[in-house]
Each structure stands twice: as structure tokens, then as C-alpha cells.
> 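This structure is in C-alpha cells; I'll ask about it shortly.
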Amino acid sequence: MSCSVEEPTMTVAEKRAKDRAVHVGFCCKCKTAKSTVTVRYAEYCETALRNARAYRVITPENVMLAFSGGPSSRALIHLFDVFHSLPPEVATNKKQPKIYNDIHVCHIDESCLLEPVQDVTSSGSTMEQARSIAGGYGYSFHGVAIEDIYDPEWTDSRCFEAVATLITSLPKDQLTTSGQAPELLSRIIPTSVTAASEEEAPKLSRQEKISKMRALLGACTTLTAKETVLQHFRSSLLIQLAKRGECTILALGDSATRVAIQIIELTAIGRGYSLPHETSLLSSWIQDCKVIRPLKDCLVKELDTFCRLNGLMLIERHHAQLDWTMKTKAEVKSIRRLTDEFITGLDKEFPSTVATVCRTAAKLTPPEATYDQKCPLCHGPVQDGVQEWKRRITVTTAPGKLETTTTSNSTEAKTTEISDGCCSSDAGGCCSSSSSSQRPSCTTPQTTTVSSTSTPFSSLLCYGCLTNLRDLNLKSMASQEDDVSSLSFELPPYVVETIVHRMGFASLDEFEHRSDGGVSASGTAVDPQESLRAQIQEFLIASDDEDE
């Protein structure tokens, strides 16, 4: 028999306060002071949010703090100062080591992309503000502009003077009629001149680098593609800044809210394979540098409140907004912004949304991939069989055009077969009987090679980058063998350096020497895969067929 007395209806805040045995209006941590801040229906006082507990480490290391200027990275710098500043009673104890040997702060200035201004030397730079904040803590500061990604010094070798332009395997007039996705090729163009005048070669001006950056972003037809490419550039510069500062740890200020948004966003754009590396608390994917996210358990609202209570100065307009690059007048939203609105909106009614998403993704294990097989664009791990997988799950031809495309391809195949036959149909007879002909005989084995300036690109990419590049303007990079100047954008030198190394060449000079004209010094065609196989031949195990 149930009781007829109904319990009073309680709000969510009252239920949570009752579970914690705390009166409504008081802090749920100290349980004595009145609350002033409400986060996820939990009430805190200012003292509870100001305090932070330090932790101990066994081996102190140098750490680089990535500072964008927002509340999360600003709180990161302040909390590292709290952890690093040991209390007097501990500082005098020689058995207690310092938490870190040295702390550095790095900042990437994106003021050139904030709005379409012509005067790039205006006072809109965020570099001096970031330098001032880092100087207030006595930390070493390292700054770089986002357009400097086109400088040869921002590569692993620090002198890789070459850029690449993308082209398709199809000419412009066949892009819309082809029944398959065109293969992306890259043309590697050295930017250095002859060795005699290499020291006198002028470097790119800031305006030229900004023009290259905007040309590449302009070739991306969607806002998602623009933001993704820009994020790859940020990551590459942050890694280089950490290595040059001799730091073995790169600390990012990603909050729990930011990580939850990234998890959904990266999954939506096809980057699930590298998700553990890009969202985990500790990632060891980068060679000689660990990436950590110490604020992964803190909500962005908590960090924002922390900065406000401690009077921490932020940088206004610290993040580049690329809305102005879109030509449409309608409201433009990328996958990142849509995911941001979804997560933050859902978190208001269901406070455990962010924590649930983060805990679910934390169960993923990093892929077993080697750092040598990294993606040229994002430097993430590359999964085997990416192109074949994408071909099988992608519909590139409408059902009504399938028969027409198949017939057209068959006709082209027959035409190619006829044109490759003996030239005896000519009046002069077979080409082998003509002593004056400089052409090879039809009986001589022919080797089809790609142009020396064209290298494979699609086969080197991870699935996420391969999917993201579908939003490039294909007509702007259609194959034009006779007009290299028609290519409208260039990829930074760090991309070219990775391409050359992935193809099995140790340096740019070796690549130019061995791929000159598509042949080697002995006159035989150079296959990049065979070149790589020759280098690792002694480590390969022979199959049963080869033993026979």
C-alpha cells in the first residue's frame, strides 16, 4: 500500500544539492561559504574556483605552453605558474625537485586572416599582447605569424626550399564528365636558385606569404575545409616551436568542452583514425615531443570564470574568423561551429553531455602506426588501403550516366590499344626499319612514367585529409602540362619535405637528381615505390614464390 502523501517537486539544483547534503545557496566543496557561481547545476564559491593543487613529477622537463589568447590557454599559463611556484617550506627542501626545468610560451599570430584588410602592417597584431602576458610570469616567449608557414625554415630540416602545387589527373574539360574521382598529383617546385647566388636570393615578404595563404584558403570551397587546413598549419608551427625551444612537452589549453566538440567534429570529417592522438590527455605520436592537455577535465565556463575571478587579461579577436572568405551572403556555418552549437546547447539541459562524450572517446586506443608513414598535410597516422576504401564507399557517377561512362571508357581503351600498336600502317613501314628515325622501335619495351614534376599525392594522405581535399576547386588545379603558372595555390614547404621523404628520397637534391626527366642516371625509369623497396630490401622476408 503506497503512501498518499506526494513528495514536493524539486528542481535539478535542489536534487543535486540534496545528494551532496548541501543547502541550496552554499558551495558544494567547502559547504560553508555562500555560492557565487553555478556550473552544471552545482554551486561554488570564489575560493573553491581560485584554488589549485600542485602535483609532483619524477623527472622535470622543459614544457612549451601554447597560448592563443582565449580563456582556456590563459588559464593554462596561470595554473602552470601556480604549480611551478613551490611554497617556501618546500622550496628549501632539496629533496623536492622543481616540477619543470623551464617553461616557455608560444603564440601564433593570425591577425592577417581576421578580416580582408589591405594594410597587413596595422596594429591588429596579437604578438605584443601575448609577449607582454608571458613576460609578466618571466617565461621565455616564442612567436610566429601563421603566414610564416611558407618560410623554408619552418621545416624539420629548417632549409627545405621547395613548394608544391596540386594538379588533377584529368584536364579541365573532363572533370565534370568523368565517372571517377580524379587522382591528385603534386608538382614540386624548388624556390631556391643556383648555388652561386643562393645566399643572395631574396626571401618572401610578408605580403607575398599572406597572398599565398589566402590563395590556398580561397581554393577551398567550404568553410570546413578552410578551418581544417588552417588547423594543420597551426599544429605544424606549434610542433616546430616546441622542438626549437628544446621542450619535450607541448601543453595545449583544450578544455573538456573543446575536446568534446573536437571528438564529434573529427568523426564527422573522417578523422576517426587519428582521434586518440588529437583528443587524448597524453599523446606520444609526435617524435621527441609529448602533447598533453592538462585542462581536459575542466569546462570552458569554469575556465572563463577562473580568468574573470583572477583578473587575467585575454586577447580580443585572438582566433581567425574565415566568414569573409565565403562569397555567399547567407549564414555560413562549418561542421565545427555546428558541433559547437550542438554540444553547448545540449549541455545546458543535460550537464553530463561533455563528460560522457570525453569518457567514451577515452576508451579508444591509438593506432599502431609508425611516425615515418605520416600524412604530409596533417602529420597524422596514415591507414593502409585508404584510397580503395574511399573508392568503394563513394558514389561518383549518377545511375543514369553509368552506362554512358562505361561505354566512353571502353572506347578510349580501344583507341589507346590501336595507337600503341606497330606503326607499319604508315607508308614508311615499321619504325624499326627506318634507320633515320630517332623514335624507339615498336618492338622495344616501353615504360610509361609520370612527368618528373608530378608526384603522387593522394596515395600519401590519410583518409581525413583525402576527404577534406574533395572541397578544393578542382578546376583551378586541372592538369595543364604546358602552363604551370595557371595553378592558383601552393602548399607550404613542410608538406613537400614530407612528400619527398615518404617517396624514399633523403633530400631535395636527391629527388631532383634521381627524378630528372623521370629516369635515373642509368637511363631506366624511376619508380618511387621501387626506390623505397630497394632501401629496405635487406629487411624484407622472401615469399615462397621468390624462393623457388
Side-chain angles (χ1 to χ4, degrees), residues 149-150 152 155-157 159-171 175 180-192 212 216 219 229 232 236 372-380 382 384-388 390 447-463 465-466 468-470 472 474 476-536:
I149 193 69
Y150 281 92
T155 56
D156 290 336
S157 60
C159 59
F160 203 91
E161 298 183 346
V163 294
T165 56
L166 293 185
I167 60 174
T168 66
S169 57
L170 298 176
L175 288 175
Q180 57 183 356
E183 180 78 9
L184 294 182
L185 304 175
S186 60
R187 279 180 174 161
I188 297 180
I189 306 175
T191 56
S192 60
K212 293 179 180 292
L216 176 58
V229 170
H232 296 334
S236 179
D372 294 335
Q373 297 298 317
K374 60 185 177 180
C375 175
L377 194 56
C378 68
H379 281 179
V382 179
D384 295 334
V386 170
Q387 286 184 297
E388 177 63 20
K390 187 173 179 61
T447 303
T448 303
T449 58
V450 185
S451 174
S452 61
T453 56
S454 300
T455 59
F457 189 68
S458 297
S459 59
L460 304 177
L461 295 175
C462 65
Y463 180 78
C465 290
L466 187 63
N468 187 60
L469 290 182
R470 69 183 179 184
L472 285 175
L474 295 180
S476 66
M477 60 180 183
S479 179
Q480 300 289 341
E481 297 295 337
D482 299 330
D483 188 9
V484 180
S485 61
S486 63
L487 303 174
S488 59
F489 60 90
E490 297 177 354
L491 296 176
Y494 86 89
V495 179
V496 189
E497 184 181 43
T498 310
I499 294 175
V500 171
H501 291 169
R502 284 284 305 275
M503 293 179 62
F505 300 104
S507 63
L508 181 63
D509 294 337
E510 181 181 351
F511 169 79
E512 294 178 344
H513 174 71
R514 298 180 63 182
S515 61
D516 185 17
V519 296
S520 62
S522 60
T524 59
V526 176
D527 188 355
Q529 295 183 355
E530 293 298 330
S531 174
L532 180 60
R533 181 182 177 87
Q535 297 183 26
I536 62 175

> Kindly compute the distance separating CZ (Phe489) from CG (Leu472), expressed to the nearest 0.5 Å.
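It is 5.0 Å, given to the nearest 0.5 Å.
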> Look up atom OG in Ser459 and atom CG in Leu185, then write down how far apart they are to the nearest 0.5 Å.
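Separation between the atoms: 9.0 Å.
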> Can you tell me how far apart OG1 (Thr168) and CG (Leu184) are? Round to the nearest 0.5 Å.
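So the OG1 of Thr168 and the CG of Leu184 are separated by 7.5 Å.
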> With rounding to the nearest 0.5 angstrom, report the NE2 to SG distance, His232 to Cys375.
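The NE2 atom of His232 sits 7.0 Å away from the SG atom of Cys375.
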> Might you point out which heavy atoms bring Leu508 and Pro190 nearest each other, and give the distance in Å?
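Reported closest heavy-atom pair: CD2-CB, 4.5 Å.
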> Could you check whether any side-chain N or O of Arg502 sits under 3.5 Å from a backbone N or O of Leu460, counting only pairs where one atom can act as donor and the other as acceptor?
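Pair found, side chain donor or acceptor close to backbone of Leu460.
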> For residues Ile499 and Pro456, report the shortest heavy-atom separation together with the two atoms involved.
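Answer, listing the atom of Ile499 first, then Pro456: CG2-O, 4.4 Å.
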> How far apart are the closest heavy atoms of Glu510 and Gly504, and which atoms are they?
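That closest heavy-atom pairing would be OE2-O, 4.4 Å.
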> Can you list the residues that meet the side chain to side chain contact (heavy atoms under 4.5 Å, CB included) rule with Ser157, with sequence neighbours excluded?
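Scan of Ser157 (side chain to side chain contact (heavy atoms under 4.5 Å, CB included), adjacent residues dropped) gives Thr155, Cys159, Phe160, Glu497.
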> Spell out, as yes or no, whether a donor-acceptor pair under 3.5 Å connects the side chain of Tyr150 to the backbone of Leu491.
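Here the side-chain-to-backbone pair does not exist.
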> Which atom names give the shortest non-hydrogen contact between Cys378 and Cys462, and what distance separates them?
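Answer, listing the atom of Cys378 first, then Cys462: SG-SG, 3.6 Å.
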> Please identify each residue that fulfils side chain to side chain contact (heavy atoms under 4.5 Å, CB included) with Val386, with sequence neighbours left out.
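For Val386, the residues satisfying side chain to side chain contact (heavy atoms under 4.5 Å, CB included) (neighbours in sequence not counted) are Gln383, Tyr463, Leu466.
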> How close do Pro376 and Leu461 get, heavy atom to heavy atom, and via which atoms?
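Of all heavy-atom pairs spanning Pro376 and Leu461, the closest is CD-CD2, 4.1 Å.
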> Can you name the residues that form a salt bridge (Lys or Arg N to Asp or Glu O under 4.0 Å) with Glu490, not counting sequence neighbours?
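Expected list: Lys212.
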> Mind listing the closest non-hydrogen atom pair of Ser507 and Val500 along with its distance?
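That would be O-CG1, 3.7 Å.
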> Looking at residues at least two apart in the chain, or sitting in another chain, which of them share a side-chain hydrogen bond (donor to acceptor under 3.5 Å, both in side chains) with Thr498?
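Thr498: side-chain hydrogen bond (donor to acceptor under 3.5 Å, both in side chains) contacts with His379.
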